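Notes for the one structure printed next.
No experiment lies behind these values; they were computed from the predicted model shown. Naming: A, B, ... by sequence-line order, numbering from 1 per chain.
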Amino acid sequence: AQKITQTQPGMFVQEKEAVTLDCTYDTSDQSYGLFWYKQPSSGEMIFLIYQGSYDEQNATEGRYSLNFQKARKSANLVISASQLGDSAMYFCAMTGDSNYQLIWGAGTKLIIKP
Amino acid sequence: SQTIHQWPATLVQPVGSPLSLECTVEGTSNPNLYWYRQAAGRGLQLLFYSVGIGQISSEVPQNLSASRPQDRQFILSSKKLLLSDSGFYLCAWSVLNGGIQETQYFGPGTRLLVL
């Protein structure tokens, strides 16, 4: 069965520094997708970035990039030049056994210090 | 563009009372719809998903039920709430393309407190 592990329950980072949020996954599937979501204190789950298992290049979306290391089964989120508004919970997720299922990590709470 | 609405935003209900949470999607047709629950400080638990009108799949046995009376409307219900039903309920939608998992987009959520 698929599994997502986020080993950092919380992180404090100085404003304007780069941040790396760790995510490792376990799957026996050859084709799968990896997602990162941001959940601010308001509660809404905001999609950030997607990486397909067959994508050769790391996904990027503005200040967000996904450091995809397939052999290590790692899909870390990198946020460049962090801002106060980046303070939130961040969840890593991957496709499950069915097309309708996402497997979720426990999340990392990121706090950006001014 | 697509938007997803949920209401109410917050709800406080006594144990044993009924529940009805509504989710509607605009700007897309025949979406897949999902209900998740999130306990405080935890990840998401998939409760139900629907691939079409009247088609509901349950992931977790519980005293909750879901219905999809219209293409872009998804309702989460309970006849009698339990204390353990407290949590943050999120509705999401996605559109499959060629059978490959598409990104799920979430609504603003409903905070439910059962007392």
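There is no contact between Gln6(A) and chain B, counting heavy-atom distances below 4.5 Å. Leu90(B) touches chain A through its side chain: at least one heavy atom from C-beta onward sits under 4.5 Å away, while N, CA, C and O do not. Contact of Ser31(A) with chain B is not made at all, since no heavy-atom distance falls under 4.5 Å.
Across all non-hydrogen atoms, the minimal contact from Phe88(B) to Gln39(A) is CE2-NE2, 3.8 Å.
Within 6.0 Å of NZ in Lys80(B) there are 12 or fewer heavy atoms belonging to other residues, nucleotides or ligands. More than 12 heavy atoms of other residues, nucleotides or ligands shown are found within 6.0 angstrom of NZ on Lys73(A). Shown here is Lys113(A), whose NZ atom has more than 12 heavy atoms of other residues, nucleotides or ligands within 6.0 Å.
A distance of 12.5 Å separates OH of Tyr105(B) from CD of Glu44(A), quoted to the nearest 0.5 Å. Once rounded to the nearest 0.5 Å, the distance linking CZ of Phe91(A) with CD of Gln38(B) reads 4.5 Å. How far OH of Tyr50(A) is from OG1 of Thr103(B): 7.0 Å, rounded to the nearest 0.5 Å.
Residues Ile4(B) and Leu11(B) fall within the same hydrophobic cluster, defined by Ile, Leu, Val, Met, Phe, Trp and Tyr side chains chained together at heavy-atom separations under 4.5 Å. Under the 4.5 Å side-chain heavy-atom criterion for grouping Ile, Leu, Val, Met, Phe, Trp and Tyr, Ile75(B) is not connected to Phe106(B) through any hydrophobic cluster.
Cluster partners of Leu21(A), using a side-chain heavy-atom cutoff of under 4.5 Å among ILVMFWY residues and allowing indirect links, are Ile4(A), Met11(A), Val13(A), Val19(A), Tyr25(A), Tyr32(A), Leu34(A), Trp36(A), Leu48(A), Ile49(A), Tyr64(A), Leu66(A), Phe68(A), Leu77(A), Ile79(A), Leu84(A), Tyr90(A), Met94(A), Ile103(A), Leu110(A), Ile112(A).
Counting only heavy atoms from C-beta outward, the side chains of Tyr49(B) and Gln101(A) never approach each other to under 4.5 Å.
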